[in-house]
Amino acid sequence: MSGSVFLRLRDEVTLELEYADETPFGSALGAGIEQRLRHACRAILEERQAHGMADVVKRSKALLQAAFTTALQPLFESRTRLREECLFPDPERVRPVALRVRIEGGAQQRFLLAPSAVRQIAPWIAEFQRGTRRPSSTLGSSLFDAFAACGAFSEEPVESEVPSRAETLFVGHASVAHLRNARVLFDPFFPARSVRYPADYQPLRAVDFPNLDAVFITHSHPDHFDPVSLFGLGADTRIYVPAVERESLLSLDMAARLAELGFSNVERLVPEQTVTLPGADILALPFLGEQPTT
């Protein structure tokens, strides 16, 4: 492919970060804890498939007790207390190791990430989404070639599809944009465009929101905190996340996780803290139940 051609990532491309998880029980980023829970609850699923949900509810105490005394028992140091190493997985043992590129109904590519390359991923993805020529740097050109190998690029120009007079805009899922006075985006989550969606209701994209004043993340569930969606906004985007003193199984240290991916302008917020932007003040409130504070 000629290096002089100006290309951008196609809207149908899905990117996924892959993490290596070397913790004994699994973390919120690795798949270890999910696999353990699926295995522990397999009997409950089989009960539902064989006899229906009403039977599961009727036998719930016995089914859960069986799960907690077998597959889940190693997670607990007492009946009501998780093991320290389970509740607080060592963040140093969970790290990004690969980037997967997938096109619906098409090719897939897995790009391995050396530790020295991880912090450069966010800037490159943003550039690819906005449009670029083949980079000359070693990492940029390798990443570009991996994307090109599975047909992830398009020559079509990027044009914003956000109405010019939009003030408050439902972006999709739980994402909302406030575009009056201050340009602010909350919980950006940009799934790839797909034939599964109606032609007139395709997901908005990161490139539809240039020149943002700030991005706010409410909590660390993966449909609200999605680093891949943030990639397209740029590594220098001003991002505010809840302060997390210690990463746990229930709550990621989002600021640290974004920094390791190359985001350079991330700030932590505590409840009742106010952020003053040009044209708007944003007050952070506790999000009990969704964003654990202790």
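Reckoned from all heavy atoms, side chains included, excluding hydrogens, waters and symmetry mates.
Sorted by first and then second residue, the pairs that involve residues 190-204 and meet salt bridge (Lys or Arg N to Asp or Glu O under 4.0 Å), not counting sequence neighbours, are D11-R193, E104-R196, E161-R193. Under the salt bridge (Lys or Arg N to Asp or Glu O under 4.0 Å) criterion, the residue pairs touching residues 248-269 are E247-R257, D253-R268, R257-E260, with sequence neighbours excluded.
Formation of a donor-acceptor pair under 3.5 Å by the E127 side chain with backbone atoms of P123 is not found in this model. Of the possible donor and acceptor atoms, one in the side chain of Q273 sits under 3.5 Å from a partner among the backbone N and O of V270. Between the S248 side chain and the S251 main chain, a donor and an acceptor come within less than 3.5 Å of each other. Checking side-chain atoms of H51 against main-chain N and O of M53 turns up no donor-acceptor pair under 3.5 Å. Without hydrogens or angle criteria, D187 side chain to T218 main chain gives a donor-acceptor distance under 3.5 Å. Judged by distance alone, with hydrogens and angles left aside, the side-chain atoms of Q108 form no donor-acceptor pair with the main-chain N or O of R100 at under 3.5 Å.
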Could you give me the CA-CA distance, side-chain angles and deciding distance for V97 and L112, then say whether side-chain contact (heavy atoms from CB on, under 4.5 Å) is met? CA-CA 6 Å; V97 294; L112 294 176; 5.9 Å; no
The test is side-chain contact (heavy atoms from CB on, under 4.5 Å); show your working for E34 and R38 and say whether it passes. CA-CA 6 Å; E34 293 183 8; R38 287 194 189 98; 3.4 Å; yes
For side-chain contact (heavy atoms from CB on, under 4.5 Å), just list the numbers for L169 and V176, CA-CA rounded to whole Å, side-chain angles, deciding distance to a tenth of an Å, and then say yes or no. CA-CA 6 Å; L169 183 69; V176 175; over 6 Å; no
Please assess M254 against I217 for the test side-chain contact (heavy atoms from CB on, under 4.5 Å), listing each intermediate value before the final yes or no. CA-CA 9 Å; M254 291 171 276; I217 308 298; 3.8 Å; yes
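The CD1 atom of I103 sits 9.0 Å away from the CG atom of L9 when rounded to the nearest 0.5 Å. Expressed to the nearest 0.5 Å, how far OG of S116 lies from CG of L139 amounts to 8.0 Å. Separation of atoms CG (L179) and CG (L185) is listed at 8.0 Å; rounding is to 0.5 Å. Note that CD of Q202 and OG of S194 are 7.0 Å apart. Values are rounded to the nearest 0.5 Å. Here the CG atom belonging to L15 is positioned 5.5 Å from the CD1 atom belonging to I125, to the nearest 0.5 angstrom.
Contact check for L258 versus V241: side-chain heavy atoms found under the 4.5 Å cut-off. Annotation: side chain of F25 is in contact with side chain of R83 (closest heavy-atom distance under 4.5 Å). A heavy-atom distance below 4.5 Å is not found between the side chains of R205 and Q129. A 4.5 Å side-chain heavy-atom check between F190 and V228 finds every atom pair outside the cut-off. For the pair E47 and R59, the minimum side-chain heavy-atom distance is below 4.5 Å. Contact annotation: the side chain of Q109 never approaches that of L99 to less than 4.5 Å [non-hydrogen atoms, C-beta and beyond]. A 4.5 Å side-chain heavy-atom check between L283 and V275 finds every atom pair outside the cut-off.
Ion pairing between a basic and an acidic side chain is recognised when a charged N comes within 4.0 Å of a carboxylate O; E155 and R8 show no such pairing. Using a 4.0 Å cut-off between charged nitrogen and carboxylate oxygen, D55 and K58 do not count as a salt-bridge pair. A salt bridge does not link D21 with R95: every distance from a Lys NZ or Arg NE/NH1/NH2 to an Asp or Glu carboxylate oxygen is 4.0 Å or more.
With sequence neighbours excluded, the residues that form a side chain to side chain contact (heavy atoms under 4.5 Å, CB included) with P210 are R183. Looking at residues two or more places apart in sequence or on another chain, you find a ring-ring contact (aromatic ring centres under 6.0 Å, His included) between H219 and H221, H224, F287. Applying the ring-ring contact (aromatic ring centres under 6.0 Å, His included) rule to F76 yields the partners F68; only residues at least two apart in sequence or on another chain are considered. Under the side-chain hydrogen bond (donor to acceptor under 3.5 Å, both in side chains) criterion, D223 pairs with H173, not counting sequence neighbours. A search for side chain to side chain contact (heavy atoms under 4.5 Å, CB included) contacts involving R93 returns E22, T23, P24, D90, not counting sequence neighbours. Scored by the side-chain hydrogen bond (donor to acceptor under 3.5 Å, both in side chains) test, S229 finds D226 as partners (sequence neighbours excluded). In this view, T237 and V215, L233, I239 satisfy the side chain to side chain contact (heavy atoms under 4.5 Å, CB included) rule, not counting sequence neighbours. Qualifying ring-ring contact (aromatic ring centres under 6.0 Å, His included) partners for F216, counting only residues two or more places apart in sequence or in other chains: F186, Y240. With sequence neighbours left out, R48 forms a side-chain hydrogen bond (donor to acceptor under 3.5 Å, both in side chains) with no residue at all. Qualifying ring-ring contact (aromatic ring centres under 6.0 Å, His included) partners for F231, counting only residues two or more places apart in sequence or in other chains: F263.
Between F111 and F147, the gap from one ring centroid to the other reaches at least 6.0 Å. A distance of 6.0 Å or more separates the ring centres of F189 and F225.
Note on L212 and V184: separate hydrophobic clusters, where clusters join Ile, Leu, Val, Met, Phe, Trp and Tyr whose side-chain heavy atoms are under 4.5 Å apart, directly or indirectly. Clustering ILVMFWY residues whenever any of their side-chain heavy atoms sit less than 4.5 angstrom apart, transitively, puts L261 in the very cluster that holds V13. One hydrophobic cluster holds both L37 and L82 under the rule that ILVMFWY side chains link at heavy-atom gaps under 4.5 Å. Using a 4.5 Å cut-off between side-chain heavy atoms of Ile, Leu, Val, Met, Phe, Trp and Tyr, with links allowed through other members, L230 and V118 fall into the same hydrophobic cluster. The cluster map of Ile, Leu, Val, Met, Phe, Trp and Tyr, joined by side-chain heavy atoms under 4.5 Å apart, puts V207 and V171 in different clusters.
Contact record, A107 with C150: CB-CB, 3.6 Å, taken as the closest heavy-atom pair. Scanning both residues, P135 and S141, for their nearest heavy atoms gives O-CB, 3.4 Å. Scanning both residues, L252 and V244, for their nearest heavy atoms gives O-CG2, 3.3 Å. Listed here is the closest heavy atom pair of L249 and A28: O-CB, 3.6 Å. Considering every non-hydrogen atom in both S137 and W124, the closest pair reads OG-CZ2, 3.0 Å. Of all heavy-atom pairs between T14 and A192, the closest is OG1-CB, 3.3 Å.
Taking the ring centre of F88 as origin, the terminal cationic atom of R246 falls inside the region bounded by 6.0 Å and 45° from the ring axis.
A 6.0 Å sphere centred on CD of E156 holds no more than 12 heavy atoms belonging to other residues, nucleotides or ligands.
Between T276 and D281, the side chains place a donor N or O and an acceptor N or O closer than 3.5 Å (distance only, hydrogens not considered).
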